[in-house]
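Notes follow once the structure below has been shown.
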Amino acid sequence: MNSANEERHRILQMVEQGHLSAAEAARLLDALSADPRPIERSQARLVRIRVTDLPSQRLKASVAIPVSLINVGLRLGARLAPQLSGSALEELIRSVERGTTGLLLEWQDLEEGERIEIVIE
């Protein structure tokens, strides 16, 4: 018998012997059947894109995107910033998938007077 089955059997025996109520046994059985795997790190991670005005150093925009949506977010961003396309875009996506954290990309658009940062939190 595997460990989970042994635990279930033990809980049912305790109910039969009067050591546990049906409600207590139900809570224990629910806890046994809960998924023991921890939440994946990527589920809680965010990619933050910040746009700063260079002359004033004021934050113009800050957008947080869940890592699970990074493919869509970066591909949309590539339309706004043609520098972020092709192999550069694919490398960014691979870095995110590998679990990289911190500053992923920073560039300055001198024509627009903006600094763009992509940070994985």
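- The distance from atom CG of Asn5 to atom CZ of Arg10, rounded to the nearest 0.5 Å, is 12.0 Å.
- For the pair Gly113 and Pro55, the tightest heavy-atom approach, listed with the atom from each and the gap, is O-CD, 3.7 Å.
- Val119 places none of its side-chain heavy atoms less than 4.5 Å from the side chain of Leu104.
- Taking a cutoff of 4.0 Å between a charged side-chain nitrogen and a carboxylate oxygen, Arg115 and Glu106 qualify as a salt bridge.
- For the pair Glu117 and Ile49, the minimum side-chain heavy-atom distance is 4.5 Å or more.
- More than 12 heavy atoms of other residues, nucleotides or ligands sit less than 6.0 Å from atom CZ of Arg98.
- How far CE of Met14 is from NE2 of His9: 12.5 Å, rounded to the nearest 0.5 Å.
- Using modelled atom types, no side-chain atom of Thr52 and backbone atom of Leu54 make a donor-acceptor pair closer than 3.5 Å.
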Item to check | Stepwise side-chain contact (heavy atoms from CB on, under 4.5 Å) check, Glu114 with Lys60 | outcome: CA-CA 9 Å; Glu114 296 175 335; Lys60 291 174 73 173; 2.6 Å; yes
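- Closest heavy-atom contact between Ala64 and Leu46: CB-CD1, 4.2 Å.
- The number of heavy-atom neighbours closer than 6.0 Å to CD of Glu16, taken from other residues, nucleotides and ligands shown, is 12 or below.
- How far CZ of Arg45 is from OG1 of Thr100: 7.5 Å, rounded to the nearest 0.5 Å.
- Between Ile116 atom CD1 and Arg50 atom CZ the span is 12.5 Å, to the nearest 0.5 Å.
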